[in-house]
Amino acid sequence: ITVAGSWTDTGAGTFTEQKGTVTFDVAGGTINSNETFNNVTINHAGTTTLGAALDVDGTLTITAGTLDVSASNYGITVAGSWTDTGAGTFTEQSGTVTFDGSSGTQTLNANEAFNNVTHSGASTLQLSTNNLTVGGAFTNSAGTFNANALTNTVTGLATVSSGTYTASTATQTFNGGLTVSGGTFTGSSGTVDVNGTVTLSSGTLTAPSGTFTVSGDWTKSGGTFTSGSNTVTFDGTSGQTLNTGGTDTGSDFNNLTVNKSSGTLSLATNALDVDDTLTVSSGTFSPGALAVTTATLTVSGGTFTGGAGAV
């Protein structure tokens with residue numbers, strides 16, 4: 001079906017989409033539907049504006065023109081793939097795009113930013129060709145998110161509450177923090193840069209074999225931290241707090257580096273166990289009254305303030 005205007009389906013009528021594609025090919029118009037589409041394509045020179053939430057069971061493609069979620073910030077739910085790689089524009093406003101495929105692989109290939117992104121289906125949501133930029137929050141609550149050797153930059157909080165986040169080989173940047181409250185975050189072989197707080201309350205956080213930097217606090221109240229052969233570097237410019245959750249396997253670090261231009265990294269609540277090397281290269285590390293256990297302690301430019309705890 002090709003539509004040269006608006007689509008209105010808000011009453012008792014029924015649209016049986018089967019496996020078809022609805023293409024909007026003339027500037028202007030709204031999509032206001034209380035039912036599901038299979039495939040939707042935006043291919044025109046103007047703007048199509050949502051008048052209600054949009055549910056797409058197949059693929060959403062923006063070839064040309066603009067798809068605007070409107071000032072009402074209507075949500076978009078996609079069970080298939082998302083393709084926006086050409087001259088088209090997605091105006092995300094403050095809306096949320098939810099990927100809820102029940103099986104198989106959904107690909108996400110977009111050359112522009114989203115606001116909030118949620119993956120809630122049992123499928124694998126896999127990046128393709130283009131890096132992902134999320135201006136709001138990113139949530140993986142089911143299935144697998146695969147960065148597929150591409151970057152994911154999230155301005156708000158990134159949360160893994162269930163399922164698996166596979167970071168792959170590129171840089172994952174979480175400017176609003178990283179929370180693992182269930183499921184598994186696998187750092188893989190890339191870089192993980194958390195410019196906020198790392199929170200682990202349930203599930204598993206596996207450090208990458210590449211760089212792992214944290215500029216906020218570290219709080220572990222449950223779950224498992226798998227450090228592997230990694231180094232976690234605390235690099236914030238102000239005070240940071242490290243609550244390890246304990247010294248057991250699943251809470252300990254392999255290598256830990258304090259490399260702060262200013263401020264102090266302080267232990268809170270629990271002792272620290274570093275299996276290999278604890279390095280203070282810049283800034284201050286203060287365990288206070290809590291114990292520190294490490295194979296090697298290197299202070300190469302910063303300050304280690306031992307306090308009342310055992311080292």
According to side chain to side chain contact (heavy atoms under 4.5 Å, CB included), who are the partners of [X], at least two apart in sequence or on a separate chain?
{"X": "A113", "answer": "E92, T133"}
{"X": "L150", "answer": "L127, N131"}
{"X": "V26", "answer": "A4"}

Full working for side-chain contact (heavy atoms from CB on, under 4.5 Å) between H119 and S141: CA-CA 6 Å; H119 179 222; S141 59; over 6 Å; no

Exercise: identify the closest heavy-atom pair between [X] and [Y]:
{"X": "T169", "Y": "S189", "result": "CG2-OG, 3.2 Å"}
{"X": "S286", "Y": "T264", "result": "CB-CG2, 3.8 Å"}
{"X": "T59", "Y": "N39", "result": "N-OD1, 2.7 Å"}
{"X": "L178", "Y": "V194", "result": "N-CG1, 3.9 Å"}
{"X": "G86", "Y": "N111", "result": "O-ND2, 3.3 Å"}
{"X": "F225", "Y": "L200", "result": "N-CD2, 3.8 Å"}

Option passing side chain to side chain contact (heavy atoms under 4.5 Å, CB included) with T41 (candidates T63, T83, T2, L60):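 Exactly one pass, corresponding to T63.
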
T91: which of V69, T66, L67 passes side chain to side chain contact (heavy atoms under 4.5 Å, CB included):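 Only match with T91 under side chain to side chain contact (heavy atoms under 4.5 Å, CB included): T66.
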
Donor-acceptor pair, distance only, cut-off 3.5 Å: does the side chain of Q106 make one with the backbone of G121?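 A pair under 3.5 Å: no.
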
For S81 and T107, indicate whether the former's side chain and the latter's backbone hold a donor-acceptor pair under 3.5 Å.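 Side chain of S81 to backbone of T107, a donor-acceptor pair under 3.5 Å: yes, one is there.
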
Could you give me the CA-CA distance, side-chain angles and deciding distance for Q18 and N38, then say whether side-chain contact (heavy atoms from CB on, under 4.5 Å) is met? CA-CA 7 Å; Q18 301 286 4; N38 184 51; over 6 Å; no

Working for side-chain contact (heavy atoms from CB on, under 4.5 Å), residues V280 and T303: CA-CA 7 Å; V280 183; T303 301; 5.7 Å; no

Just so I know, are the side chains of [X] and [Y] near enough to count as touching, which here means a heavy-atom distance under 4.5 Å?
{"X": "F253", "Y": "L242", "value": "yes"}
{"X": "Q93", "Y": "D68", "value": "yes"}
{"X": "N140", "Y": "T159", "value": "no"}
{"X": "Q172", "Y": "D193", "value": "no"}
{"X": "E17", "Y": "T36", "value": "yes"}

Can you run down the ring pair (Phe, Tyr, Trp, His ring centres under 6.0 Å) pairs that involve residues 51-79, sequence neighbours left out, and say none if there aren't any?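 Every candidate ring pair (Phe, Tyr, Trp, His ring centres under 6.0 Å) pair involving residues 51-79 fails, so no pair, neighbours aside, qualifies.
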
Using the ring pair (Phe, Tyr, Trp, His ring centres under 6.0 Å) rule, collect all pairs that involve residues 273-304, keeping only residues at least two apart or in two chains.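 As it turns out, the ring pair (Phe, Tyr, Trp, His ring centres under 6.0 Å) pairs with a partner in residues 273-304, which skip direct neighbours, are F285-F304.
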
Looking at F138 versus F174, is the centre-to-centre ring distance below 6.0 Å?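 For F138 and F174, the ring centres are not under 6.0 Å apart.
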
Taking it one step at a time, do N130 and N109 satisfy side chain to side chain donor-acceptor pair (under 3.5 Å)? CA-CA 6 Å; N130 283 286; N109 186 359; 2.7 Å; yes

Applying ring-ring contact (aromatic ring centres under 6.0 Å, His included) to F99 and F145, what does each step give before you reach the verdict? CA-CA 10 Å; F99 294 89; F145 173 78; 9.2 Å; no

Distance-only side-chain donor-acceptor flag, N195 / N175, under 3.5 Å: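 N175 and N195 do have a side-chain donor-acceptor pair below 3.5 Å.
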
Under a plain distance cut-off of 3.5 Å, with no hydrogens placed, do N152 and Y165 share a side-chain donor-acceptor pair?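 A donor-acceptor contact under 3.5 Å links the two side chains.
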
Using side-chain contact (heavy atoms from CB on, under 4.5 Å), reason through T98 and I76 one step at a time and then give a plain yes or no. CA-CA 6 Å; T98 300; I76 299 176; over 6 Å; no

Taking side-chain hydrogen bond (donor to acceptor under 3.5 Å, both in side chains) as the cut-off, I'd like each qualifying pair that reaches into residues 271-283, sequence neighbours left out, listed once.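 As it turns out, the side-chain hydrogen bond (donor to acceptor under 3.5 Å, both in side chains) pairs with a partner in residues 271-283, which skip direct neighbours, are N259-S281.
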
